[in-house]
Amino acid sequence: MQALTRIAATWRGLVCAAAMALACAEPTSALAQGGTLTYANLSGPSTLDPYMAGAVVEMEVVNQIYEGLVTLDEAYNPRLMLAEKLEIDRDARVFTFKLRQNVKFHNGQSMTSTDVIASFERYAAISPNATILSGATFTAVDSYTFVVKFEQSNPTFITALSTPLYPVMILPADQKSKPGREAETIGTGPFRVEEWRKDDHLILAKFDEYSPDMSDSGPDGFGGRKTVLLSKVRYNFVPEANARVAALQSGSADVISSIPPELAARFAGNRGITKQETFPWAQAAFFMQTQNAPTNNVLVRRAIQAVVNVDDIMGATGQLARRNPSLIYTTSPYYDERTAAPYYGNSNIEKAKALLQEAGYKGERILLLTNSNYPAMRDAILVLSEMMKTAGLNVEVQVLDWVTNSNNIQRGTGGWNVSTTTFTPAPLLGPQQWRNQLYNFAQIRGDAELDKAYGRFMSSLDVNERKAAWADIEHRLLDQAYFVKIADYGAMNAYGARVKGLRPWFLLRFSDVSIN
């Protein structure tokens, strides 16, 4: 209970975790204002409906357009954003948010608790991450006081609410009845959508009526006092890494993302280009589609798990990568390598053959799904396909564009059996943030043991009980071969000399960034 009191006190204090970095930053008055920054990214978003945004290329954009009651600070801890105060009752069942006033939407309307209730109700109805609101009711005390009440204790609620993955952003109340992926792009964020051509580019423009959090001295993660210095940000969708590097070298792009280490060598000696590395950034894993034959058979899934050699895959993908058997990072208080180690990178072909014989496998086709936009994902699947063939599995690889690939894995469509992606930021933020992806990507249904363990994790006020519950969750996920961990990945971005204020983080942010 003391921990919850400290948490509530932290919200009231709005502590800035990045104080040292801010002290060294240039004052806003000294930075150039205006101009268009061009960002070459490897793909565009498939949706800008925040409640459906599960890919990095979507999260990077929607967190510029929209804001939630809480968000992440620079150290990935929850902090307030559209709420100015939070009170939590002793049992962690009732959460009372006092909203900031005079916050404008991009359509000019002022935000009130009516918009917050409508947003939470829409999220609970359509988001893949709606389980974070299970058992909750929403009420408004007045125009600027919003209350969430749960049927039972929910000590991880604020952490879950702060996620940038399928984020609980506040939309105007008139968006409540819009189906998933069909909400208008109207938020309260520092940028608004000016133009979006899905196969080519996206332009965000400065929101002139943006209402920054004046209680803080500067930006802090996705929160704090954000200042809009750029007139526009243009996202160009450039799938080829060579083309992105060439764009930065020629000056046709100011910032580029997802640089393979071997291409970064081209910047050696170029003082006009700065590289940024972020580690850890994401986790790579294979996941099995549990609703399609033959991977609906746990023995077939375990056979695929048994053939994986993580070192060979890491070598083939050419990423900034480190071995780690767990589905969370070593910095997490829930990390315990002993749970995951027995399932990691065994590369046992004979074991795989024995499991397939026990499963009664008769050479049924297994469809591996990947994409052409992310070479590391494509190469990981290609290497896996060769490993599977050595065990006698009948493998077909399907290479799609990222948008189609992403839609198929999130919706369970396309008839696939195995796919891969990089998970950001769920492993960084912990078990409560992992929940929706762990269930949805493998299309897990009716696993009472997993459900029970997650129920213990989400409801217990005792951190040691939550640690024990996570150990049970991770064991179940790996033992059932829903997921096969590959490695922890880092990210490398780069920017030109005229860019100022671009801070390294797991997602790029363009508030408080300028060009000259």
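Position 1 is the first residue of the sequence; numbering continues from there.
A salt bridge links R509 to E74: one of the charged nitrogens lies within less than 4.0 Å of a carboxylate oxygen. A salt bridge links D49 and R122; the closest N-O separation between the charged side-chain nitrogens and carboxylate oxygens is under 4.0 Å. The pair E386-K389 counts as a salt bridge, with a side-chain nitrogen and a carboxylate oxygen less than 4.0 angstrom apart. Using a 4.0 Å cut-off between a side-chain N of Lys or Arg and a carboxylate O of Asp or Glu, R323 and D488 do not qualify as a salt bridge.
For the side chain to side chain contact (heavy atoms under 4.5 Å, CB included) criterion with V397, the lone passing option out of L369, I366, I381 is I381.
Between F150 and F157, a ring centre-to-centre spacing shorter than 6.0 Å is recorded. Ring to ring, F191 and F510 are not that close: their centroids are 6.0 angstrom or more apart.
Distance check: M377 CE to N405 CG gives 7.5 Å after rounding to the nearest 0.5 Å. L356 contributes atom CG, which lies 8.5 Å from atom CE of M388 (distance to the nearest 0.5 angstrom). Of the inter-residue distances, the one linking F146 atom CZ with L69 atom CG reads 6.5 Å to the nearest 0.5 angstrom. One finds the CG atom of N373 at 10.5 Å from the OG atom of S258 (value rounded to the nearest 0.5 Å). Summarising the geometry, atom CG belonging to L202 is positioned 10.0 Å from atom CD belonging to Q64; distances are rounded to the nearest 0.5 Å. Annotation: the span from S127 atom OG to I132 atom CD1 amounts to 7.5 Å, rounded to 0.5 Å.
Screening residues 327-347 for salt bridge (Lys or Arg N to Asp or Glu O under 4.0 Å) gives D336-R338 as the qualifying pairs, with residues at least two apart or on separate chains.
Across every non-hydrogen atom of K275 and A264, the tightest pair is CD-CB, 3.9 Å. Shown here for Y166 and P128, the closest heavy-atom pair between the two residues is CE2-CG, 3.8 Å. Shortest non-hydrogen contact noted between N296 and A293 is OD1-CA, 3.4 Å. Contact record, T71 with M81: CB-CE, 3.7 Å, taken as the closest heavy-atom pair. Across all their heavy atoms, G455 and S459 have their closest contact at O-OG, 2.8 Å. When all heavy atoms of A426 and L165 are compared, the closest pair comes out as CB-CD2, 4.3 Å.
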Which is it for Y334 and R466 under the side-chain hydrogen bond (donor to acceptor under 3.5 Å, both in side chains) test, yes or no, and what are the steps along the way? CA-CA 8 Å; Y334 298 102; R466 292 202 297 273; 3.2 Å; yes
Dump the intermediate steps for side chain to side chain contact (heavy atoms under 4.5 Å, CB included) on V57 and Y374, then the final yes or no. CA-CA 12 Å; V57 293; Y374 291 88; 3.4 Å; yes
Report the C-alpha distance between V300 and L355 in whole Å, list the side-chain angles of each, state the deciding distance to 0.1 Å, and finish with yes or no for side chain to side chain contact (heavy atoms under 4.5 Å, CB included). CA-CA 7 Å; V300 173; L355 286 165; over 6 Å; no
Just do the side chain to side chain contact (heavy atoms under 4.5 Å, CB included) check on V147 and V94 with the steps written out, would you? CA-CA 7 Å; V147 179; V94 181; 3.8 Å; yes
Test side chain to side chain contact (heavy atoms under 4.5 Å, CB included) on R244 and I259; report intermediate values, then the result. CA-CA 8 Å; R244 294 195 299 277; I259 308 166; 5.9 Å; no
So T295 and Q289, side-chain hydrogen bond (donor to acceptor under 3.5 Å, both in side chains) or not? Walk me through it. CA-CA 6 Å; T295 49; Q289 164 58 280; over 6 Å; no
Does the pair F237 and W402 meet the rule for a ring-ring contact (aromatic ring centres under 6.0 Å, His included), with working shown? CA-CA 12 Å; F237 312 144; W402 168 246; over 10 Å; no
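Side-chain atoms of Y344 and K485, non-hydrogen and from C-beta on, do get closer than 4.5 Å to each other. Taking 4.5 Å as the limit, some side-chain heavy atom of R79 sits within range of a side-chain heavy atom of D220. Between L368 and T420, every side-chain heavy-atom pair lies at or beyond the 4.5 Å cut-off. Counting heavy atoms from C-beta on, the side chains of N297 and Y361 never come closer than 4.5 Å. Here the side chains of D115 and L171 are not in contact, with every heavy-atom distance at 4.5 Å or above. Side-chain contact between V62 and P167: present, with at least one pair of heavy atoms (C-beta onward) separated by less than 4.5 Å. Between R365 and L367, some side-chain heavy-atom pair lies under the 4.5 Å cut-off.
Annotation: E151, atom CD; neighbour count of heavy atoms from other residues, nucleotides and ligands within 6.0 Å does not exceed 12. Residue-environment remark: CD (Q357) stays at or below the threshold of 12 foreign heavy atoms within 6.0 Å. Counting heavy atoms of neighbouring residues, nucleotides and ligands inside a 6.0 Å radius, atom CD of E195 exceeds 12 of them. More than 12 heavy atoms of other residues, nucleotides or ligands lie within 6.0 Å of NZ in K178, so this atom counts as buried by the packing criterion.
The aromatic rings of F506 and F222 stand perpendicular to each other, their planes meeting at an angle above 60°, with 30° marking the opposite boundary. Taking the six-membered ring where tryptophan is involved, the planes of W434 and F423 are tilted, since the angle between them lies from 30° to 60°.
Taking the centre and axis of the six-membered ring of Y482, the NZ or CZ atom of R301 falls outside the cone set by 45° and 6.0 Å. Remark: R322 is positioned above the aromatic ring of F279, its terminal NZ or CZ atom under 6.0 angstrom from the ring centre and at most 45 degrees off the axis.
The side-chain contact (heavy atoms from CB on, under 4.5 Å) search around K198 returns W196, not counting sequence neighbours. Under the salt bridge (Lys or Arg N to Asp or Glu O under 4.0 Å) criterion, R456 pairs with D472, sequence neighbours left out.
Between the side chains of T404 and D401, a donor-acceptor pair is found at a separation under 3.5 Å. For E60 and Y39, the side-chain atoms include at least one donor-acceptor pair closer than 3.5 Å. For the residue pair N129 / Y123, a side-chain donor-acceptor distance below 3.5 Å is found, with atom types taken as modelled. No side-chain N or O of D379 forms a donor-acceptor pair with one of T317 less than 3.5 Å apart. Donor-acceptor pairing under 3.5 Å is recorded for the side chains of Y343 and D479. S46 and E58 share a side-chain donor-acceptor pair at under 3.5 Å. Looking at Q443 and T290, their side chains never bring a donor and an acceptor atom within 3.5 Å of each other. When only modelled atom types and interatomic distance are considered, E465 and S460 share a side-chain donor-acceptor pair under 3.5 Å.
At distances below 3.5 Å, at least one donor-acceptor pair connects side-chain atoms of T390 with backbone N or O atoms of M387. E474 places a side-chain N or O within 3.5 Å of a backbone atom of L327 that can act as its donor or acceptor partner. Side chain of Q283 to backbone of P280: no donor-acceptor contact under 3.5 angstrom is found.
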